[in-house]
Structure formats: C-alpha cells, structure tokens
2 protein chains.
Amino acid sequence: MTSFPQLGLDAQLCFPLYAASRAVTRRYTTLLAQAGLTYPQYLCLLALWESEEPVTVGELGARLRLDSGTLTPVLKRLEAAGHVGRRRDPADERRVLLEVTPTGWELRDRVADVPLGIASGMGLTEAEAGQLRGLLDRMLVGLDEPVT
Amino acid sequence: MTSFPQLGLDAQLCFPLYAASRAVTRRYTTLLAQAGLTYPQYLCLLALWESEEPVTVGELGARLRLDSGTLTPVLKRLEAAGHVGRRRDPADERRVLLEVTPTGWELRDRVADVPLGIASGMGLTEAEAGQLRGLLDRMLVGLDEPVT
DNA sequence: CGCAATTAGGTTGTGCACAATATGTTTGTT
DNA sequence: AACAAACATATTGTGCACAACCTAATTGCG
C-alpha cells in the first residue's frame, strides 16, 4: 500500500481484463452446456464454420491464437463427439485437415441464439460494445508485436 | 457463413476479450518468470499487498473472483515458496488466514516495474487504457448479476 | 441443550493454455 | 541422391479454472 500505487489491483488493466474474460467464459459455459460444448470447443467451431473448405490445424491456430498443444486435445474431443473430422492431408502428410461433419453443421442452429443471450446480460449498449471491441482489437495488434 | 452473421468470430466481443486476456497474461508470464511467479500467483500477491492485516481465503477469493478450488493450490505454492503464511484462525477454525511473509514483501520491489513493461507494449494511450478499464468495470458489474 | 442448516475451506475430476520436446515430412542445397 | 534445415503436428508436464462434492466448525432456533 504504502508506496506502490502502480501495483494496485484496480490500477492496472490486466485484472479487469482477466476477470471480465473469465466472467464471459462462465456465461458461455452455462449456455453451451445444453449443446454439450465447452467454450474453447465452441470457438473452434465458430472458426471452422467460417469456411466451407477444410482447414489445417495451423490455420485454425493462427485464427484463434492457440497452439497445437491446446488445439489437438480439443479437436480430438470434437472428433469423438462427431462434430469434426480429422485426416492427414494426402498432399502433405505433415498437415491435418479439419472438416465440420453434417452433425457439426447442425450444431450451428442449436447455438445460433447464444450470442444474444450473452449480450443481453452484459450491461453495455451496442455502441459501448463496439467501442470495447475496437480497443481490444487495437490492443491485440500491439501485443502481437514481439517484445521490444 | 451463409446465414449466421452473429456467429462470426469477429462479430462478438467474446473472442477479442478472450484473446486479449491471454495475450496480456502471456506478457506477464515472461516478465514474472524472473521473480519465479506465475500470473495468478502475482494476482494473489497484488491483492495481499493491499492490506497489512491478514486476510481470509474467502476475502481473497471475493477480491479476485476466484473460488477455493483455484486458490488453495495457488496459495500452497506461494506458501512453499515462502512468500505467504497460512494458518487457521484461532477464533474460527473454519477460516484460514493469509499473511505475506517478509520475503513476500521483498518481492514487491522486484516486480514494481512490471506494469510499466506491460503498458509500454500495449499500443494504447493512457486515455484509451482508462476508457477500456471503465468499460470492463461496467461489464463486470453487469456480469455479476445472476442470469435473468 | 440438541440438532438441522449454514458456512469456510479442501479435494477430486475434467478441460484448457502453453512451454518444451519429440516425431515424421518436406524442401533446399549440394 | 544425400542430408541438413525447416515445417506441421503430437506428446508431455505444469499450473490454473471451475463444478461437484466432502468435511469440519459454527450458528440459530425451538
């Protein structure tokens, strides 16, 4: 307390960011449970639903900013649940191609209204949400640069 | 893609929030490694440094919005490292009192400049950071309400 | 007092994150 | 062709998060 004002929990961005992220994830978790999905599994599907074509693990990781150590077990669970197919690329056996299965596409209807359920409980106006998204995006660009 | 614009990864707040939080945590992780701390351990210490008096696990959890299942192992590691003392409250044996040890207080000097190292790489002005903190705080208030 | 209900913290199990490392593949370069 | 370097993914190990459950201590109330 005495002389480190910059070390106050509320003086920094990190803690509100961390707490808000966990709070939002918690909301999603409860809404996604009815579809049998975890939040990272849902994020994987959001990314995979964006393309009709198969996508490699590396491309998915670049989109979600997650590495293979995180994605592989998540994708295996999605495969075990029948939502995603995984197969080696015949043209380059190092790569694994991911493809949403028909039941995986059907899931999209079941979770289509989840974002509205989240937004309604967030206490921000549409304008504020847009502002927040803009600030976070700018921050992500800055954080992408290697540490100088 | 065809008919679910609300399910775009970038259309929602959740993904930028999640990605930004992980990116910031990653920055802290590298800076905190020299002090032998993880990011959640650092958060616990930030909260404990805010009070000269012993604090219970429950009070710490309320401050950090973390439950005992998360805090207990983190606190045990901080105790094993000699930064924090844990003892049952004699007045109420259900409670555990947490107290920063002398070496725990010394750590505060070693990490005093960590927030500056983070802020410099974040790409936001001071005003933007304040704006972001305000939006996140308002969001946290909204997310604290039970789901209606 | 006697005892059900509440409270505080700990334990267990599942699922991420991420660093470090390993393995198999492909690509250059000679 | 031979082989070193680069590449894509998988594996392993540590440390969270959080739900569900458990145990012991305390509190209220008749």
Side-chain angles (χ1 to χ4, degrees), chain A residues 14-15 18-33 36-45 54-62 64-81 84 86-98 143, chain B residues 14-15 18-33 36-45 54-62 64-81 84 86-98 143:
Chain A
C14 72
F15 177 64
Y18 170 74
S21 177
R22 283 188 297 114
V24 169
T25 299
R26 221 172 298 138
R27 285 287 174 103
Y28 273 98
T29 299
T30 59
L31 288 184
L32 291 172
L37 293 174
T38 66
Y39 180 63
Q41 288 168 14
Y42 169 73
L43 285 183
C44 285
L45 286 175
V55 163
T56 69
V57 172
E59 288 163 349
L60 180 63
L64 298 180
R65 297 159 189 267
L66 290 169
D67 72 358
S68 69
T70 302
L71 286 176
T72 296
V74 174
L75 292 168
K76 283 185 174 175
R77 277 184 275 270
L78 284 174
E79 183 184 31
V84 167
R86 299 165 69 240
R87 59 189 166 87
R88 289 281 165 183
D89 183 349
D92 184 341
E93 289 281 347
R94 290 172 306 178
R95 294 193 282 202
V96 168
L97 294 175
L98 306 170
L143 290 168
Chain B
C14 70
F15 177 63
Y18 170 74
S21 176
R22 282 188 299 114
V24 169
T25 300
R26 222 172 298 139
R27 285 285 174 104
Y28 273 97
T29 299
T30 60
L31 289 183
L32 291 172
L37 292 175
T38 66
Y39 180 65
Q41 288 168 15
Y42 168 74
L43 285 183
C44 285
L45 287 175
V55 162
T56 69
V57 172
E59 288 163 349
L60 180 63
L64 298 180
R65 299 160 190 265
L66 290 169
D67 71 359
S68 70
T70 301
L71 286 177
T72 296
V74 174
L75 292 168
K76 283 186 175 176
R77 278 185 276 270
L78 283 174
E79 184 184 32
V84 167
R86 293 178 345 115
R87 60 191 164 87
R88 290 280 165 186
D89 183 348
D92 184 342
E93 290 280 346
R94 291 173 303 178
R95 293 193 282 201
V96 168
L97 294 175
L98 306 169
L143 289 168

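In what follows, every heavy atom counts, from backbone to side chain, and hydrogens, waters and symmetry copies are set aside. Below, chain A is the first sequence line, B the second, and so on; all start at residue 1.
Nearest-nucleotide positions on DNA chain D place A:Thr29 closer to the 5' end than the other of A:Thr29 and B:Glu93. Projected onto DNA chain C by closest heavy-atom contact, A:Arg77 and B:Pro73 fall at different nucleotides, the more 5' of which corresponds to B:Pro73.
Residues B:Tyr18 and A:Pro40 share a closest heavy-atom pair of OH-CG, 4.4 Å. Taking both residues in full, the closest heavy atoms of B:Phe15 and A:Tyr39 are given as N-OH, 4.0 Å, listed atom of the first, atom of the second, then distance. Between B:Lys76 and B:Arg86, the shortest heavy-atom contact is CE-NH2, 3.5 Å. Nearest approach of B:Leu71 to B:Cys44, heavy atoms of both residues: CD2-SG, 3.8 Å.
Contacts of A:Thr56 classified as side chain to side chain contact (heavy atoms under 4.5 Å, CB included), with partners at least two apart in sequence or in another chain: A:Glu59, A:Arg95, A:Leu97.
Chain A approaches DNA chain D within less than 4.0 angstrom (heavy atoms of the protein), and the contacting nucleotides run 5' to 3' from D:dC7 to D:dA19.
For A:Thr72 (side chain) and A:Gly69 (main-chain N/O), no donor-acceptor pair under 3.5 Å exists by modelled atom type.
Distance CG/A:Leu60 to CG/A:Leu45: 9.5 Å, rounded to 0.5 Å.
Side-chain contact between B:Leu66 and A:Arg22 is present, with at least one heavy-atom pair separated by less than 4.5 Å.
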Please produce a list of atom pairs where a protein N or O lies less than 3.5 Å from an N or O of nucleotides 5-10 of chain C.
from: C:dT7; atom 1: O2; to: B:Arg94; atom 2: NH1; distance (Å): 3.1
from: C:dG9; atom 1: OP1; to: B:Val57; atom 2: N; distance (Å): 3.3
from: C:dG9; atom 1: OP1; to: B:Val96; atom 2: N; distance (Å): 3.1
from: C:dG9; atom 1: OP2; to: B:Gly58; atom 2: N; distance (Å): 2.8
from: C:dG10; atom 1: OP1; to: B:Arg86; atom 2: NH1; distance (Å): 3.1
from: C:dG10; atom 1: OP2; to: B:Thr72; atom 2: OG1; distance (Å): 2.5
from: C:dG10; atom 1: N7; to: B:Ser68; atom 2: OG; distance (Å): 2.8

